[in-house]
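Step one of this worksheet: look at the structure below.
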Amino acid sequence: MTHQSPAEFLSWSQEIAPIASAASTATNGNGVDMQGWSGVLFVLNLGATDGTVDMKAQRDDNSSFSSATDITGAAITQVTATGDNKLYMLDVWRPSERYVRAVVTTGAGATADQLGVTAIRYRGTGRFPISQHSSVAELVKVRDDD
């Protein structure tokens with residue numbers, strides 16, 4: 001029996017590479033092209049934080065996000081300093097424009113907040129398995145049924 005890994009039918013990429021985000025800073029994600037995909041799940045991996053953290057999604061018809069607009073309702077509940085070391089997910093289904101990105105904003109705090117965002121596109125059409133984004137370095141598949 002063959003095994004199909006989620007990495008073979010989902011498209012993974014680093015939306016925001018792991019960073020130490022200074023207080024009161026907005027960080028725009030790289031953005032994903034939604035052509036041929038139904039949805040994208042942004043996963044905020046939040047490390048140590050002592051301020052607030054917000055994440056929202058924006059859309060645009062241009063890959064440069066020159067006229068980006070916020071997607072109504074596409075925002076997580078503001079994370080407080082006690083919400084660190086957790087995952088926060090924002091799912092955008094069938095966006096009305098071709099490109100979507102995450103935007104993470106940190107509030108005032110004494111130290112930088114540790115964070116990164118992964119984008120996972122799903123329900124794709126076309127040929128499988130798909131090619132992963134260049135930010136995906138390796139996929140190791142193991143069958144261990146001794």
Side-chain angles (χ1 to χ4, degrees), residues 2-141:
T2 62
H3 164 71
Q4 188 173 21
S5 167
E8 293 174 297
F9 60 91
L10 302 171
S11 174
W12 303 70
S13 61
Q14 277 189 342
E15 177 68 1
I16 298 174
I19 58 170
S21 182
S24 303
T25 301
T27 304
N28 293 329
N30 295 322
V32 293
D33 184 349
M34 294 302 297
Q35 186 172 14
W37 297 92
S38 294
V40 59
L41 177 67
F42 294 111
V43 181
L44 169 64
N45 189 345
L46 188 59
T49 181
D50 71 340
T52 59
V53 178
D54 295 283
M55 181 172 66
K56 65 182 179 181
Q58 293 183 327
R59 64 178 177 235
D60 203 330
D61 283 328
N62 305 302
S63 61
S64 64
F65 288 89
S66 56
S67 58
T69 57
D70 293 349
I71 299 173
T72 303
I76 63 170
T77 303
Q78 186 175 68
V79 180
T80 64
T82 59
D84 54 358
N85 299 314
K86 291 186 172 68
L87 297 174
Y88 296 87
M89 294 179 265
L90 176 57
D91 194 353
V92 178
W93 172 251
R94 301 182 82 182
S96 61
E97 296 184 59
R98 181 171 172 177
Y99 299 94
V100 180
R101 72 177 176 192
V103 178
V104 176
T105 304
T106 56
T111 60
D113 297 325
Q114 308 296 315
L115 60 92
V117 177
T118 301
I120 306 167
R121 291 181 295 174
Y122 60 91
R123 291 204 54 175
T125 58
R127 198 176 315 217
F128 292 95
I130 59 138
S131 297
Q132 293 297 332
H133 187 268
S134 61
S135 62
V136 177
E138 182 177 25
L139 167 62
V140 176
K141 289 175 59 173

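Worth saying up front: this structure is predicted, and the values here are computed from it rather than measured.
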Given I76, V100, I16, I120, the one that forms side chain to side chain contact (heavy atoms under 4.5 Å, CB included) with F42
V100
Grab the two heavy atoms, one from [X] and one from [Y], that are nearest each other, plus how far apart they are.
| X | Y | result |
| --- | --- | --- |
| N30 | Q14 | ND2-O, 2.9 Å |
| A102 | V117 | CB-CG1, 4.3 Å |
| S13 | S135 | CA-OG, 3.5 Å |
| P95 | S38 | CD-O, 3.9 Å |

Distance check, rounded to the nearest 0.5 Å: [X] atom [atom1] versus [Y] atom [atom2]?
| X | Y | atom1 | atom2 | result |
| --- | --- | --- | --- | --- |
| T106 | M55 | OG1 | CE | 14.0 Å |
| E97 | M34 | CD | CE | 12.5 Å |
| N28 | E15 | CG | CD | 9.0 Å |
| T52 | Q78 | OG1 | CD | 4.0 Å |
| D61 | S66 | CG | OG | 9.5 Å |
| I19 | Q114 | CD1 | CD | 9.0 Å |

Would you check if the side chain of [X] reaches a backbone N or O of [Y] as a donor-acceptor pair within less than 3.5 Å?
| X | Y | answer |
| --- | --- | --- |
| D84 | D50 | no |
| D60 | A68 | yes |
| D33 | Q35 | yes |
| N45 | L115 | no |
| Y88 | V79 | no |

Please step through side chain to side chain contact (heavy atoms under 4.5 Å, CB included) for the pair L44 and L90, ending with a clear verdict.
CA-CA 8 Å; L44 169 64; L90 176 57; over 6 Å; no
With distance as the sole criterion, is a donor-acceptor pair present between the side chains of D113 and T49 under 3.5 Å?
yes
Would Q58 and D70 count as having a side-chain donor-acceptor pair, cut-off 3.5 Å?
yes
Relative to each other, are the rings of W93 and Y122 parallel, tilted or perpendicular (30° and 60° limits)?
parallel
For side chain to side chain contact (heavy atoms under 4.5 Å, CB included), just list the numbers for V104 and S21, CA-CA rounded to whole Å, side-chain angles, deciding distance to a tenth of an Å, and then say yes or no.
CA-CA 9 Å; V104 176; S21 182; over 6 Å; no
Heavy-atom distance under 4.5 Å between the side chains of W12 and T118, does that happen here?
yes
Would you indicate whether the side-chain heavy atoms of R59 and T69 approach each other to under 4.5 Å?
yes
